[in-house]
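Shown next, in structure tokens, is the structure this report addresses.
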Amino acid sequence: MSIIYHESTQTFHLTNGKISYLMKVFPDGTLGQLYFGKAVRDREGFDHLLEMKSRPMSAIAGAARNYSLEHCKQEYPSYGSTDFRHPAVELRQENGSRITYFVYKDHTVTPGKPALEGLPATYCESDGEAETLTVRLEDALLGVSVYLNYTLFARESAIARSALFVNSGEQELHLTHAMSLSLDLPDRDYEFLHFSGAWARERFLKVRRLEQGIQSVESTRGHSSATHNPFVMLRRPGTGEDSGEVMGFSLIYSGNFLAQAEVDTWDTTRVTLGINPFGFDWKLSPGGRFQTPEAVVVWSGEGMGEMSRTFHRLYRTRLARGYWRDRPRPILLNNWEATYFDIDEDKLFNIAKTAKEDGVELFVLDDGWFGARCNDRAGLGDWVANPERLPGGITGIAGRVEGLGMKFGLWFEPEMVNEDSDLYRAHPDWVLRTPDRRASLGRNQLVLDFSRPEVVDHIHGMMAKILSEAKVSYVKWDMNRSITEAYSAALPPDRQGEVCHRYILGVYSLYERLTSEFPRVLFESCASGGGRFDPGMLYYAPQCWTSDDSDAAERLKIQYGTSFCYPVSSMGAHVSAVPNHQVNRVTPLYTRANVAFFGAFGYELDLGRLTAEERSQVREQIAFMKEYREVLQFGDFYRLLSPFEGNITAWMVVSPDRRTALAGWYRTLNEVNGPFRRMKLRGLDPALDYTVNGCSVHGGDELMEVGLLTTDSAAGECQAGERPTCDFDSRVYVLQA
Ligand code: DGJ
């Protein structure tokens, strides 16, 4: 791995043998992009890649008549000095101008990767894992520098980027565009893939052809949201799971974002990714600094599967942190769908006790335990146990659950407040709202002003008290509404454009404090299900509640879509009751488990309401998960058949030594007299023989090239006749070398 700089041509070559990223200082001093993709051999210069042409109507930058930034591929472009595309940076100046011109000043190369202050980011455990190039560009007139950071990982086809602004000039400036990544590509022969949705149908895969004009996804909701995810892909037509070229762009951020592809009429593509400029306005005073979030771009020449596995490795091991990062996750039971708000200590204890009998390891007490929270109209903000429901407090119920030999977990929604709460009555100015206007409610609640340190401190005090007094091993951190009327009573008028970003920084600061004070507590993030499933959250909470939709058939799409960027270990996945509470659908108990096994597994129902036969199935499921969770949660993940394309979905995981693999096969609707079917497996060792479900033996090469027979009558052979086929059928094949 190396970051090479050729002085004679002012060319940077970031290469690790897998990818090359080429940049050059252009004649006018701007930093230009020459190439990003599969590794190429180094040479002194790649100047021939800087193509220039004199074109009518083009404005000229500098001496040469054919030099216009409009036609140059750049690294961190400004608008208005011969480039007309959307910029990476825009600074409003005291005289009203927004024109900037950033040129190369100097650069440094350092081993490893520096941390980003106050922001989540990928990291290294030793300096040999990565190298970081920092290029300083300067606008001399304003005295502003921007430090562009590029970290190249030694073993991954990935580059992490971010920008730091430093105002060393005299002016009060306003930063209105500060993107984390801008990348100009030489053509537009791509498909644009993104993940859109809403509550209970998060991260549905969308594919469209890249065309001239702008295509983008964004959030303006104050959280990354279920509407769009801060992750997009550009793939060459024909690229599939195992072959073809694809780039994934991911933003490590949980607030308003923009992911955009702009194609000009010369078919050049500009990708920009960062904080959404919509509504963003950061005052950069003399001496001030602004650090953008980090963006990660992964390149794969071996299809989307390899791209996803690169993100999975990076995010699982070098973004997620702490005690639980590499540990198989406890099998939990969450009481929400079992009880909703109708709880008391004995009822909860009995649910936990039954779960313990079946092998559940962690009982999670969800919403409704605090203040006057008997429904969703009151109590948020009062993080003290309700004495009528929990006479012994959290210490009491946690102690009783621990007494069963289980761990105890607790739900919080730290960022919110109900008007009917002691907190709101004491501090009505602690919420986000515009002066003299109505504050919009969502789920009967208002959003606390987390841009104010004293608000964060107060919530921290209440949460830390409970976590230190009671035996709490797990925290579910929920967030159930989007931000409206984003205005802080504590900020002056010219800083109101900072509120949304400051809010997220406040959320990160509380996470940072709690996770470092309680390092053994497992945090799971949540936002009405998967409304804030993003890499920023993964830095603090290694798992996230994927969706409030716990129906097995719906979960296939949700988990499949989520898997393009996020690892299996990060996806909270529970078996719930039927008829399902979101879609009223009845699916077999084994299918509900077969879907949830590929995630941070748990239950979300009262097991005491199941029949004896169902209870014995649950016991088998839990025993199965305990045996295989290491591979299921930390193995290499392969998508086999897409729920967005057909009636059958399949995916599999393979252990690092390739001796154990588990393949999940799911058929939505049953079929009569259907075709013979084979399913080609992936990731196995072609030279090894594998037993399938403990009986038939097949070569790894055969399973990958010929395929595993999945025709009903040949279903794993041993299983044949065990149960009749039905709608929402499924199987998990266990392969052992
Ligand atoms: C939304 C979450 O996604 C649910 O799992 C549950 O915790 C409820 N909130 C509780 O209000």
Side-chain angles (χ1 to χ4, degrees), residues 197-203 221 223-227 254 329 332-343 348 351 362-383 385-386 389-390 394 408-418 420-421 441-448 463 472 474-482 507 522-534 537 541 543-551 554-555 558-559 562 570-577 580-583 592 596 599-606:
W199 174 79
R201 56 173 172 83
E202 295 91 341
R203 290 169 296 287
R221 295 172 167 268
H223 54 118
S224 51
S225 91
T227 315
S254 312
R329 304 296 156 70
L332 65 81
L333 184 135
N334 177 306
N335 74 298
W336 179 242
E337 287 196 15
T339 63
Y340 296 104
F341 287 110
D342 185 13
I343 53 171
L348 293 167
I351 293 174
L362 165 70
F363 172 75
V364 178
L365 169 51
D366 209 278
D367 198 351
W369 57 266
F370 50 91
R373 187 75 168 172
C374 299
N375 52 51
D376 65 14
R377 292 187 293 281
L380 283 176
D382 299 340
W383 300 109
N386 178 325
R389 299 176 148 213
L390 298 171
I394 292 300
F408 177 80
L410 195 58
W411 180 97
F412 289 92
E413 193 175 359
E415 300 151 68
M416 300 292 157
V417 69
N418 286 113
D420 185 359
S421 67
L441 292 169
R443 206 196 189 201
N444 305 303
Q445 63 201 49
L446 294 168
V447 184
L448 284 171
M463 292 177 76
V472 179
Y474 159 108
V475 165
K476 178 176 173 186
W477 179 320
D478 206 347
M479 191 276 191
N480 283 303
R481 60 156 293 181
S482 299
V507 172
L522 171 60
F523 280 76
E524 177 157 340
S525 69
C526 174
S528 278
R532 200 162 60 182
F533 202 123
D534 61 59
M537 285 292 119
Q543 59 191 60
C544 177
W545 181 225
T546 315
S547 176
D548 269 353
D549 196 335
S550 59
D551 171 71
E554 298 301 309
R555 272 299 185 114
I558 295 166
Q559 290 175 211
T562 304
S570 69
M571 294 186 222
H574 301 172
V575 173
S576 61
N580 174 268
H581 293 194
Q582 293 78 41
V583 292
R592 282 173 268 155
F601 181 78
Y603 290 84
E604 186 131 351
L605 74 170
D606 182 353

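Atoms within each ligand, like the ligands themselves, are counted from 1 in listed order. Values below: all heavy atoms of this structure, side chains included; hydrogens, waters and symmetry mates excluded. When a residue number appears, it is its place in the shown sequence, counting from 1.
The main-chain N or O of I558 is never found under 3.5 Å from a side-chain atom of E202 such that the two would form a donor-acceptor pair. Side chain of N480 to backbone of S528: a donor-acceptor contact under 3.5 angstrom is found.
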Trace of the side-chain contact (heavy atoms from CB on, under 4.5 Å) decision for S547 with F533 | CA-CA 9 Å; S547 176; F533 202 123; over 6 Å; no
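Using modelled atom types and a 3.5 Å distance limit, the side chains of Q445 and R481 yield no donor-acceptor pair. S482 and H223 share a donor-acceptor pair across their side chains, judged by distance under 3.5 Å alone.
With sequence neighbours excluded, the residues that form a side-chain contact (heavy atoms from CB on, under 4.5 Å) with D367 are W336, F341, F370, R373, W411, R443.
When heavy-atom distances to ligand 1 are checked against 4.0 Å, the residues falling inside are W336, D366, D367, W411, R443, K476, D478, N480, C526, S528, G529, W545, D548, ordered by chain and number.
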